[in-house]
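A short worksheet on the structure shown next.
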Amino acid sequence: MQSLTSPGLDLKSSIRTASSPGYYPTHHRVGRGGLVIQCVSRYDANVNANSNTSAAQTSGLNFGSGQVGRARHEWQSACAILASKVVSQQQDTEKSNGGADGIAAVNGHPTLDLVPVKDQSKSPAPLPKPLSITDLSPAPMHGSQLRVAYQGVPGAYSEAAAGKAYPNCEAIPCDQFEVAFQAVELWIADRAVLPVENSLGGSIHRNYDLLLRHRLHIVGEVQLPVHHCLLALPGVRKEYLNRVISHPQALSQCEHTLTKMGLNVIREAVDDTAGAAEYIATNNLRDTAAIASARAAELYGMQILADGIQDDSGNVTRFVMLAREPIIPRTDRPFKTSIVFAHEKGTSVLFKVLSAFAFRNISLTKIESRPHRNRPIRLVDDANVGTAKHFEYMFYVDFEASMAEVRAQNALAEVQEFTSFLRVLGSYPMDMTPWTPSSAGGD
Ligand SMILES: O=C(O)C(=O)C[C@]1(C(=O)O)C=C[C@@H](O)C=C1
């Protein structure tokens with residue numbers, strides 16, 4: 001079983017396959033040996049990401065909002081391509097949409113009429129309705145299933161998060177977060193899911209850096225209760241173990257419980273929880289256990305030595321979903337907005353920025369600072385001239401308001417005055433699903 005991989009910057013990628021019972025998303029199924037996708041360097045990937053428009057044009061797959069300004073005849077013919085897709089795909093997508101960013105608009109557009117002229121005498125066709133901006137939201141145009149890239153192998157919590165965010169999606173395993181981003185940028189996937197913080201382990205810093213480096217938009221969030229198990233090969237007893245392997249977050253979320261269980265053995269970090277289980281099974285390691293989900297135990301033929309070993313029964317990981325295009329912010333349900341900002345004159349800007357939200361009664365749900373000194377950011381001015389700027393720190397803030405609200409727009413206008421760099425990472429519906437520790441969905 002293989003996943004999208006990234007050996008260095010030149011990515012030779014392949015897609016994993018897996019069986020996917022129950023609640024979990026289905027997987028890309030390919031023949032023996034896997035479908036090999038030749039990816040390109042990060043530089044090329046960014047270029048490709050910026051040329052989504054032409055990719056859309058040639059493939060008729062999707063339709064970025066950047067196309068709105070093109071010549072009228074091109075716009076009309078593009079509408080016709082879109083319309084033909086709409087009619088042929090409408091039924092399927094009505095069934096399958098309804099995921100976290102709730103996108104049904106493009107594929108579900110009901111009004112364009114493609115009845116040939118000669119038939120129209122029988123039943124007069126209604127005039128086509130112009131496309132509206134909501135029609136341009138990033139629903140998949142290639143088929144009925146949304147393709148969602150995640151880091152890890154089947155059985156990873158990120159896969160469960162993909163399934164929670166987009167039920168019935170096609171989950172695409174990737175061996176690194178960077179690859180999941182590139183899968184979306186290169187149109188191999190429609191969305192990526194990315195863990196950003198855990199209730200016990202705190203922020204997953206590397207992913208904040210990735211959000212800044214790539215040009216994807218946050219279009220939703222899910223909170224996933226994470227219920228860890230200790231897995232070993234069948235017949236292995238706790239006393240035989242001299243190593244526990246897992247994702248570093250999972251190891252830290254279970255540290256006290258492992259010690260209480262008397263497992264004072266070596267801890268070793270690997271790329272993902274389910275990958276740890278797969279590794280033990282593949283190499284028949286009878287002295288090693290993995291921290292992973294019950295689904296990973298099932299997939300890789302492992303036994304569960306202990307169930308619910310997270311140090312806190314309320315262990316939750318927050319994931320964000322990323323897409324090539326932002327969603328249109330609304331005010332009819334609770335929204336969250338994520339921004340990143342910096343100022344070249346240091347960190348004193350922070351107080352001013354926070355006050356812009358405080359004065360408007362906008363609650364912050366997250367604030368994170370990341371040192372950034374050695375990585376310049378390219379700022380582009382009104383004349384499209386770019387300059388590299390070094391910022392000591394980048395600040396990430398999530399606040400509870402939609403960018404469609406005037407108070408949020410005013411707060412950001414003020415923040416923009418105080419800062420030399422400001423980017424809205426996304427304005428998206430908040431995950432409001434109630435959950436209880438015992439109904440853990442991550443296993
Ligand atoms: O390794 C996995 O299974 C993941 O999905 C990654 C990850 C993480 O990065 O935090 C996700 C949820 C849990 O907090 C543990 C690990």
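Fair warning: this is a prediction, and the values are worked out from it, not measured in the lab.
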Classify the side-chain pair Gln249/Gln253 by whether it contains a donor and acceptor separated by less than 3.5 Å. yes

Look only at the side chain of Asn283 and the backbone of Leu285, and say whether a donor-acceptor pair between them is shorter than 3.5 Å. no

To the nearest 0.5 Å, atom CG of Leu211 lies from atom OG of Ser338 at 8.0 Å

Side chains of Leu194 and Leu322 in contact at under 4.5 Å (non-hydrogen atoms): yes

For Phe357, check ring-ring contact (aromatic ring centres under 6.0 Å, His included) against everything at least two apart and list the hits. Phe399

Distance only, no hydrogens: is a donor on one side chain within 3.5 Å (strictly under) of an acceptor on the other, for His214 and Glu185? yes

Any chance you could lay out the ring-ring contact (aromatic ring centres under 6.0 Å, His included) test for Phe421 and Phe341, step after step, and finish with the verdict? CA-CA 5 Å; Phe421 171 80; Phe341 61 87; 9.1 Å; no

Could you give me the CA-CA distance, side-chain angles and deciding distance for Asn264 and Thr259, then say whether side-chain contact (heavy atoms from CB on, under 4.5 Å) is met? CA-CA 6 Å; Asn264 295 314; Thr259 309; 3.6 Å; yes

Salt bridge (charged side-chain N to carboxylate O under 4.0 Å, His left out) partners of Glu197, counting only residues at least two apart: Arg318, Lys366

Hey, what do you get for CD (Glu405) to CE (Met403), rounding to the nearest 0.5 Å? 9.5 Å

With a 4.5 Å cut-off on side-chain heavy atoms, are Leu412 and Gln416 touching? no

I'd like to check Phe395 versus Leu350 (side-chain heavy atoms, cut-off strictly below 4.5 Å). Are they in contact? yes

Scanning both residues in full, the closest heavy-atom pair of Pro154 with Arg295 reads CB-NH2, 4.2 Å

In terms of heavy-atom contacts, Tyr300 and Ala274 come closest through CE1-O, 3.8 Å

For atom NE2 of His390, is the number of surrounding heavy atoms from other residues, nucleotides or ligands below 6.0 Å larger than 12? yes

When you measure from the side chain of Asp272 to the backbone of Gly275, do you find a donor-acceptor pair of N or O atoms at a distance under 3.5 Å? yes

Asn198 side chain to Val316 backbone, donor-acceptor under 3.5 Å: yes

Whether the side chain of Gln303 engages the backbone of Leu233 through a donor-acceptor N/O pair (distance < 3.5 Å, no angle test) should be reported. yes

Hey, does Phe319 have a side-chain heavy atom less than 4.5 Å from the side chain of Glu221? no

Less than 4.5 Å apart, side chain to side chain, heavy atoms only: is that true for Lys352 and Leu354? no

Heavy atoms of His247 and Asp271 approach each other most closely as CD2-O, 3.0 Å

Ignoring hydrogens and angles, tell me if any N or O in the side chain of Arg324 forms a donor-acceptor pair with the backbone of Leu186 under 3.5 Å. no

For Phe335, the ring-ring contact (aromatic ring centres under 6.0 Å, His included) test, sequence neighbours excluded, returns none

Hey, are the side chains of Leu241 and Thr288 touching, using non-hydrogen atoms and a 4.5 Å cut-off? no

Parallel, tilted or perpendicular: which describes the rings of His228 and Tyr157, with under 30° parallel and over 60° perpendicular? perpendicular

Please check this pair: side chain of Thr419 against backbone of Leu422, looking for a donor-acceptor N/O pair closer than 3.5 Å. no

Measuring from atom CG of Leu251 to atom CD1 of Ile245, what distance do you get when rounded to the nearest 0.5 angstrom? 9.0 Å

Does one side chain, of Glu368 or Ser203, offer a donor that lies under 3.5 Å from an acceptor on the other? yes

Examine distances only and state if a side-chain atom of Arg243 and a backbone atom of Glu268 form a donor-acceptor pair shorter than 3.5 Å. no

Please report the C-alpha distance between Lys336 and Asp431 in whole Å, then the side-chain angles of each, then the deciding distance to 0.1 Å, and finally whether the salt bridge (Lys or Arg N to Asp or Glu O under 4.0 Å) criterion is met. CA-CA 9 Å; Lys336 213 182 244 185; Asp431 181 2; over 6 Å; no

Apply side-chain contact (heavy atoms from CB on, under 4.5 Å) to Arg407 and Ile362, showing your working. CA-CA 8 Å; Arg407 62 185 183 136; Ile362 300 177; 3.6 Å; yes

Please find the pair of heavy atoms, one from Ser246 and one from Ile291, that lie closest to each other, and give the distance. OG-O, 2.7 Å

What is the distance from atom CG of Leu212 to atom CG of Leu425, rounded to the nearest 0.5 Å? 7.5 Å

Would you please test Ile172 and Tyr150 for side-chain contact (heavy atoms from CB on, under 4.5 Å) and show each step? CA-CA 6 Å; Ile172 302 180; Tyr150 68 95; 5.7 Å; no

Which heavy atom in Glu325 sits nearest to a heavy atom in Val219, and how many Å separate them? O-CG1, 3.5 Å

Would you give the length of the straight line joining atom CD of Glu159 to atom CG of Leu224, rounded to the nearest 0.5 angstrom? 11.0 Å

Is any side-chain heavy atom of Ile218 closer than 4.5 Å to one of Met321? no

If you measure from the Lys or Arg side-chain nitrogens to the Asp or Glu carboxylate oxygens, is any gap between Asp190 and Arg147 under 4.0 Å? yes

Checking the side chain of Asn207 only, and the main-chain atoms of Val196 only, is there a donor and an acceptor separated by less than 3.5 Å? no

Could you pull out the closest heavy-atom pair between His343 and Phe391, with the gap in Å? C-CD2, 3.5 Å

What's the spacing between Leu146 CG and Glu170 CD if we round to 0.5 Å? 9.5 Å

With distance as the sole criterion, is a donor-acceptor pair present between the side chains of Arg370 and Tyr396 under 3.5 Å? no

Do Met432 and Pro334 have side chains that get closer than 4.5 Å, going by heavy atoms? yes

Please answer whether the main-chain N or O of Val265 pairs with a side-chain N or O of Asn242 as donor and acceptor at a distance below 3.5 Å. no

Closer than 3.5 angstrom, by distance alone: can the side chain of Thr337 be matched with the main-chain N or O of Ser427 as a donor-acceptor pair? no

Which is it for Leu258 and Arg267 under the side-chain contact (heavy atoms from CB on, under 4.5 Å) test, yes or no, and what are the steps along the way? CA-CA 10 Å; Leu258 290 181; Arg267 322 279 200 247; 3.7 Å; yes

